[in-house]
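What you see below is based on every heavy atom in this structure, not just the backbone, and it leaves out hydrogens, waters and symmetry mates.
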Amino acid sequence: MTIEEMKARQKWFEYLSYGNSQSVNMERIKSVSMITGNEVLEYVLRTLEIFDAEIEASHVQAKEGKDAIRENCVLNQDNCSLADLSLKELKIVKTVLQWSEVSKCGSLEDREYWKQMGYDLEIHNLASAEIYKNEIYPYEDSNICQCIYKLIASHGLIGQAIRGEVACDARLNRELYELVDIFGKEHFKAMLLLLNKCIIAAVSNDIWCRAKADVEKIIDEIINKNLEPFASNERLRRLCPKLLDAADPENSKENVTFFENNIFNHNIDLWYFESSLGCFAPKDIIKIMELVLDKAGNDFDQLKFKPVQDVLYYDYYGIKSINVYKKRIIEHYLETGDSTHVGLVIERGAAVTVSFKFSAAAEKLCDFCVEAERSGILSYEKSIIMIFDMFHFRRDEFDRLNNEDSYLSAMNDADESTKESIVDYAVGDEIVDVGSGGGVLLDLLENKYPDKKILGTDISENVIETLTNKKQRENHNWSVMRHNFVEGPLFFGNKEEEKRKATSIIFSSILHEVYSYTDTKDGKFNIDSVKMALSNAYDSLKKGGRIIIRDGIKTDSNEKLTVTFKTKEGLDFFKNYVNDFKGLKEIKREFEFKGDSVCGDINFMREFLYTYTWGIQSYAHEVQEQFGYMTMREYKEFFGELGANIIEARQLFEEGYREHLAPLVELDKEFPDSNCIIVVEK
């Protein structure tokens, strides 16, 4: 082998060594701060490690006999295993893995040269094939090079077909059908399975396990030259499941027709579609597509949405998250058409690249919000809300903006034991979970009562959207809707059906939010809001139906509670809380400070401890809530006035508080009861 040949063969590594962070798929990383620019090289090296491991395993098993191979090797076929592939066939697969990503990298000089050569670097599989051809053809067997060229050009298309991003019958058959006759069906099948396992498992072995059956099916169709495209509704389901809603078949049908007429029938590929646009509501996704087609027409082969990822993702407490501030501004633009703050940007090439460009002021506003949220200072939080309300960017008054997802996740993790216990109190066939939050109780109800009708409600559009995504992603049978029991009763059914009453209505850790956030003529923290919600819920019940409450409890005691802080930050936290907390209006703010200790009214000190448990990240929200709003005596008196039968009424202490607070505080007496479970029957 000449020096020139050796240099050409290793050129792929040299190109990949020049990292290009713009090529990182944000969908596959946990933290934006972890991006090094070497992700493409690291990915390719993982594909090669998997390749070597598969070959080694096949040869070890070959020594044990054909039966052992066919029983154990992941990629064995009926008539051909990896051990049966020739060195030439294995070399072809390995070379494809080495070269398929090179167009994403290279030095600035390399990339400029490739552009001058006419390679469209935005379509990386085709550009990589051309780079390979330019570098290797003079030194290799032209027949082998032609096979490698075609496999690089079709690199990743099977995975994209499974995701609905490309049509199964487009380039896949053109590039691969003719290779079937060159290698033979069984050998080519083994080569394609090995290649695609390396490609997909290097991203995630879990993804490979989920996709393996689909990969095998498509490869079988390729080698038999009868590759069939997915039907339009199936392709859209794979592309973006939220665009198909079983609860709204008419709108789902319209979405299928839109994509069929504008995308699928024109053989337009959609790269990074769901990973970039999946955070938006279905109506917003359709609006984005309408704007793109209006600006770009449909005389192109590929739409790339990756720049949208780069705009939207950032780190929230070290974890990659959607920048909700930018998302809200985009949503406002889509709804109103006002491009003052952001606009859709289209760049034409062989592919059409889609992104959003923010005004300088909007960028600064979002930067401020990101820094303000990290501070946990309530005045900053109020400033964010004030500014976003000024521009009409918030969805509704319950829009938490910065940490909705982490808040809902925390709700999912909290107090699981009592959430499970209250499920047993539900009766009848139509059960309502009020203020469903992250959806944990909906899942518990569905598991416990799979044949019953389970409905989740919330007053926040954000929560409804999150739950809708969860329902589609995890294939749940429960449904969700926006409803506020403070405003009126709730009934099952619609105008065409007879309205039906519920048999069980569950208020799990939600009435304290009703109390804290509902504006009345006397302001917030008014017990009338809770009584109105419960009265309307009672009116929504059938005879024999139940209201089930799990929430905070207030004590009738006038005792004092002394809290001793184990950190200086704790005392500062308390002083800020005294200034910021507006609940417990009837309690005098009289405290005795002594060193690291503070003594005050037991109800006030307990409310502080609940907020302290959540930490600085949730402070700006939790300080606005009062957890204990009624005593057990007041609950019993209220339900007695309604005429309800009390089935269960008990107080308890959630041990999670003790666990979380143990490193932070000491108390001069036992923790007071924190929660209650109340069940009444109509």
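- Tyr132 has its side chain out of reach of Val102: every pair of non-hydrogen atoms, C-beta onward, lies at least 4.5 Å apart.
- A 4.5 Å side-chain heavy-atom check between Cys240 and Leu277 finds every atom pair outside the cut-off.
- Looking only at side-chain heavy atoms (C-beta outward), Tyr15 and Trp99 come within less than 4.5 Å of each other.
- Salt bridge annotation for Lys326-Glu363: present, with a cationic side-chain nitrogen under 4.0 angstrom from a carboxylate oxygen.
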Problem set entry | Stepwise side chain to side chain contact (heavy atoms under 4.5 Å, CB included) check, Val180 with Asn224 | CA-CA 8 Å; Val180 177; Asn224 290 304; over 6 Å; no
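- You'll find the side chain of Leu312 reaches within 4.5 Å of the side chain of Ile330, heavy atoms only.
- For Lys88, the NZ atom counts as loosely surrounded, since its 6.0 Å shell holds 12 or fewer non-hydrogen atoms of other residues, nucleotides or ligands.
- Separating the CZ atom in Phe305 from the CD1 atom in Ile288 is a distance of 7.5 Å, to the nearest 0.5 Å.
- The side chain to side chain contact (heavy atoms under 4.5 Å, CB included) search around Val256 returns Ser232, Asn233, Leu236, Leu244, not counting sequence neighbours.
- At a threshold of 4.5 Å between non-hydrogen side-chain atoms, the residues Ile285 and Lys242 count as touching.
- With 3.5 Å as the limit, one finds a donor-acceptor pair spanning the side chains of Ser107 and Asp110.
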Exercise. Which is it for Glu130 and Met117 under the side chain to side chain contact (heavy atoms under 4.5 Å, CB included) test, yes or no, and what are the steps along the way?
Worked result: CA-CA 9 Å; Glu130 294 298 332; Met117 292 290 290; over 6 Å; no
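- Stacking of Lys320 on the aromatic ring of Tyr313 is recorded, both the 6.0 Å distance cut-off and the 45° axial limit being met.
- In this structure, Arg348 pairs ionically with Asp299, as a charged nitrogen and a carboxylate oxygen lie closer than 4.0 Å.
- The cationic atom of Arg238 (NZ for Lys, CZ for Arg) lies less than 6.0 Å from the six-membered ring centre of Phe230 and within 45° of the ring axis.
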Exercise. Taking it one step at a time, do Glu135 and Lys11 satisfy salt bridge (Lys or Arg N to Asp or Glu O under 4.0 Å)?
Worked result: CA-CA 8 Å; Glu135 296 284 352; Lys11 197 72 174 178; 5.4 Å; no
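- Proximity of Phe188 to Leu176: side-chain heavy atoms (C-beta onward) are separated by under 4.5 Å at one or more points.
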Exercise. Do Glu331 and Arg328 pass the salt bridge (Lys or Arg N to Asp or Glu O under 4.0 Å) test, and can you show the C-alpha distance, the side-chain angles, and the key distance before you say yes or no?
Worked result: CA-CA 5 Å; Glu331 289 168 343; Arg328 290 291 182 270; 3.2 Å; yes
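- In this structure, Glu446 does not pair ionically with Lys470, as no charged nitrogen and carboxylate oxygen lie closer than 4.0 Å.
- Here the side chains of Met289 and Asn262 are not in contact, with every heavy-atom distance at 4.5 Å or above.
- No side-chain heavy atom of Val342 sits under 4.5 Å from any side-chain heavy atom of Lys357.
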Exercise. Could you walk me through whether Trp114 and Asn134 pass the side chain to side chain contact (heavy atoms under 4.5 Å, CB included) check?
Worked result: CA-CA 10 Å; Trp114 294 336; Asn134 183 60; 5.9 Å; no
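- A salt bridge links Lys306 and Asp310; the closest N-O separation between the charged side-chain nitrogens and carboxylate oxygens is under 4.0 Å.
- A salt bridge between Arg237 and Glu234 is present, with a side-chain N of the basic residue lying under 4.0 Å from a carboxylate O of the acidic one.
- Atom CG of Leu121 and atom CD1 of Ile131 lie 6.5 Å apart (nearest 0.5 Å).
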Exercise. Does the pair Phe183 and Cys147 meet the rule for a side chain to side chain contact (heavy atoms under 4.5 Å, CB included), with working shown?
Worked result: CA-CA 10 Å; Phe183 297 104; Cys147 294; 3.8 Å; yes
